[in-house]
Structure formats: structure tokens, C-alpha cells
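Quantities reported herein were computed from a predicted structural model and do not represent experimental measurements. Proteins get letters first, then strands, A, B, ... in listed order; numbering begins at 1 in each.
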Amino acid sequence: MPYTPQQLSDHQDIRDVLHAYCRAIDDNRPDDVIELFTDDCEYHYGGDLGSFDTKEYAYRFFRAGTDKIYKRSAHYVSNIEIAFDGDDAAESITYLNAWHEFHEDIVDAWIFGRYVDRFVRTAEGWRICRRRVDTMGHDQWPREVTYMERNVLPARVK
Amino acid sequence: MPYTPQQLSDHQDIRDVLHAYCRAIDDNRPDDVIELFTDDCEYHYGGDLGSFDTKEYAYRFFRAGTDKIYKRSAHYVSNIEIAFDGDDAAESITYLNAWHEFHEDIVDAWIFGRYVDRFVRTAEGWRICRRRVDTMGHDQWPREVTYMERNVLPARVK
Amino acid sequence: MPYTPQQLSDHQDIRDVLHAYCRAIDDNRPDDVIELFTDDCEYHYGGDLGSFDTKEYAYRFFRAGTDKIYKRSAHYVSNIEIAFDGDDAAESITYLNAWHEFHEDIVDAWIFGRYVDRFVRTAEGWRICRRRVDTMGHDQWPREVTYMERNVLPARVK
């Protein structure tokens, strides 16, 4: 702000990772999902999904979600804000509007959330090294939801 | 078309303002919302929300909306089109898909709209100096809606 | 990855076409829709909408859709991934979240899809020369839906 050509390229690269994540989730390719995170990534989902930071648990988590729980899904991301922290790291906030159809006989549900991520540049490109999911709202979500706080300090990205 | 590196940077800066707007609204930080508009910004909401152009009214408008009317919200923006008008001004059209949960006991509602904005470059960065909201549709909206015209001259951005 | 300034400009130009498409559809300007495709564009809609590749049929298709079938619509696109194929061609995948209100007395419906497109650079700018629509899901869609396969080879864009 202003952005250099290098930052504009990095900005697009980071958005590409966020989009590849959604497509791999909705394609039911959980192992491709994991490749977009660093091996030691911290995941903070909140509520009863909790936090974890091992690749082994991440495999179990995403393989169960995309295959066993959800029959179909569509993860729409938008409102992507990225703040660079030096040349090789960035913080980002991304809006998520995600539709889910379940294998079980329960009604389709939407979650309205935010991915609050930290990215690092690796030899393989930008990867997510910390993800927190904040929940703004939902429609028919079948589990208990922990809402984000409103009217508090702004989140990290200015 | 083609875009210069300066225009690509400005394009991202303007999108950053649109995203910051949504996040401040959904965070219930109305005073941060106002900072994204010029002091003499013209707001055209249409229908019974009408038009206004003073900062004092804008404070009342956004403080009432994010705090007293809406309990929770999620403002998704996409389809952002920006046409530069010289080096320091731009016209933009942005699609809005906005979910609202109310304090009152009425069903959650969606509005499907467009922000038709004029931006100017200021010492503090790009700011919105005119906003018109066009309504494409809605789901369960509790107020009367004035729809935009279809099949008329294209809106400003080519 | 990294992107050159030329590619970043082309990336934005291509997104501009995708956004102009949605706006022309939702404005009920079908003839402006057609101008965004090459004259010999291949359209693959799947299901009973089938495939076609003549401009004459495209006019009939879009004129019927935006005017006779849909009373109002809102086509939200996001998650736009673009892979360049040389200097003058590109493959893209775009998420679509499209709301439709019908002239007939049937309930509003959403389609959750993907535009899988091939773009070429022409004298008039980037144009779509092949479009396939993949369906991830729907809400209240009144026609039979053919879902995309999940857990298969990734789509073209890496």
C-alpha cells in the first residue's frame, strides 16, 4: 500500500493457495489439502473441534470431513485481506461461505466464517503455518457453534 | 486493460477498502466504517433508507445498523470491477451477498446487492466519496425492497 | 508463480471478463454476454442443457434464460484460479454461487457450480473460447442436476 510488483505476485500466489484449498476440499482430495499447510501448522477450529498441530491428526481430520461426514460441499472464499510481514511471511483474513450436504439424513447447512491465517514462503511456495477459524454465523449447522466476538479490537490485518 | 503496475497496486488498495468495510461492519465497529468514506461522501441507499451526505448522519446510520438492528452479519463481496478515471479517481461496481441475524425475533435475511461506488485517492489512501446500493434480490428481507432496473443501459464500469 | 507484471495485468483482465459476464446476465443484457465469448466458443452445460458451439444457439440460449425464465438473478463468482498457457491463452476455474428468481410461480433457487473455462487473447481483449459448467450442489433447483464427480483427478488448473 502501495504494493510492489513482487508483493502483487505474492498476493496472487497466496490467493491461489486459498482457492486450491477450497477446490481440494470440495473435490474430496484431503491429501492435497494437507500439502497446502506446513508440516507443523497450528489449526485452531474452536468449539468442540478444538486445536491441533500434527500432520497425522490433520490427515485424520480432513479425510473424515471431506469423505465420511460431507457428501458434497462448496467452499466460497472472498474478502481476502493480506498484510505482509517482511518478505517471506504474511497474515491474512478470508471470508468463507461454505455449503455442506451430509451423508446422514440431515438438512444441508451453511457456515459463515473467517479463516485467520499466517502464511510463510517455503521452497514449494506459500504455505499456511497457522489457521484459526472464526464463526460469524450459520444456517442449519447441526453442531453447536462458538461465535466470534463482535465490537472488540480489530483482527490483525489492518 | 492492460493495467500498469501502479494501477494494479491501486486496484488492490481499493479492494482492501471494500474488504475493510465489510469486516468493520461485521465486527460492529461502525466508527471504523466511517473512516473509509470521505467526510462529504454521498450515500444513496434507495427505498425508505434514502440518501444522505453528512458524516453526522453516517455515524447515526451505521451505529444503529451494526449494533441495534443486527445481532450478527456477514457481508460477502465479490465481482469487483474497477475503472480508473485519471490517476486519482475510480468508479467501481461490487457484488454484495449479505446475511443478517436480527436482535428482534425475525428470521435471518439475505440481501443481494451491488455497491456502485466512486473512489478518490486521499492523503490517507483511497476513500469512497459516493456510494449507491442497487438491489438485485433478497431472501426474507423484512423491509420493502426497491429493485434495480434490468435491461437498461449498462452501469458505469465497462 | 511468481507472476510477471504482464501476467498480473492479464489475470485482472480475465477476471474483468468473468465479472462482466455476471453483470450482463443479471442486467438481462444477453447480447452483451455473447460478446465475451469467441464466435466459435464451445459451451458444455451438462445434463439436459447439453453442449453447443454456434453463436446463433448461444443467442437463443442466453436470451431465453435471462429474459423468459429468470425474473431476477445474482451470479456471484469467486475462487478464480487462472493458469497461463503461453502468452495468449489461459485455463481458469471459477466458483459460481447463483441465485435465481423465476417468472413462474416456483421457489427461488441457487446453483453451486464451477465455470471451467479456456480463454484466448483476441484483438478485442481476452475472450472465453470454451466453457464447461460443473455442478457442486444446489438449493431448490427445479431441474434435474448432474453432479460433478468428486475424488477424481484434479481439474486442469494446478
- Item | Over all atoms of both residues, closest heavy-atom pair of A:Gln12 and C:Leu8 | CB-CD2, 4.2 Å
- Query: Between C:Pro5, C:Gly113, C:Ser78, which has the largest tally of heavy atom pairs under 4.5 Å with chain A?
  - Reply: C:Ser78
- Do you know which two heavy atoms are closest between C:Gly137 and A:Trp99, and how far apart they sit? CA-CH2, 3.5 Å
- Task: Measure the CG-CD1 distance between C:Asn79 and A:Ile80 for me, rounded to the nearest 0.5 Å.
- Result: 7.5 Å
- Query: When you look at C:Tyr95 and A:Asn97, which way does the side-chain hydrogen bond (donor to acceptor under 3.5 Å, both in side chains) test go after all the steps?
  - Reply: CA-CA 12 Å; C:Tyr95 270 42; A:Asn97 188 8; over 6 Å; no
- Counting only heavy atoms closer than 4.5 Å, note whether A:Asp26 contacts chain C via side chain, backbone, both or neither. both
- Taking all heavy atoms of A:Asp13 and all of C:Pro2, pick out the closest pair and write down the distance. OD2-CA, 4.1 Å
- Mind listing the closest non-hydrogen atom pair of C:Tyr3 and A:Ser9 along with its distance? N-OG, 2.8 Å
- Check each atom of A:His75 against the heavy atoms of chain C and say whether the ones under 4.5 Å are side chain, backbone, both or neither. backbone
- Message: Is C:Tyr147 in contact with chain A via its backbone, its side chain, both, or neither, using a 4.5 Å heavy-atom distance?
- Response: side chain
- Item | Smallest separation among heavy atoms of C:Glu81 and A:Arg23, with atom names | OE2-NE, 2.6 Å
- For residues C:Met148 and A:Asp27, report the shortest heavy-atom separation together with the two atoms involved. CE-OD1, 3.6 Å
- Message: Please classify the contact of A:Ile25 with chain C as side chain, backbone, both or neither, using a heavy-atom distance under 4.5 Å.
- Response: backbone
- Message: Between A:Arg72 (side chain only) and C:His138 (backbone N and O only), is there a donor and an acceptor less than 3.5 Å apart?
- Response: no
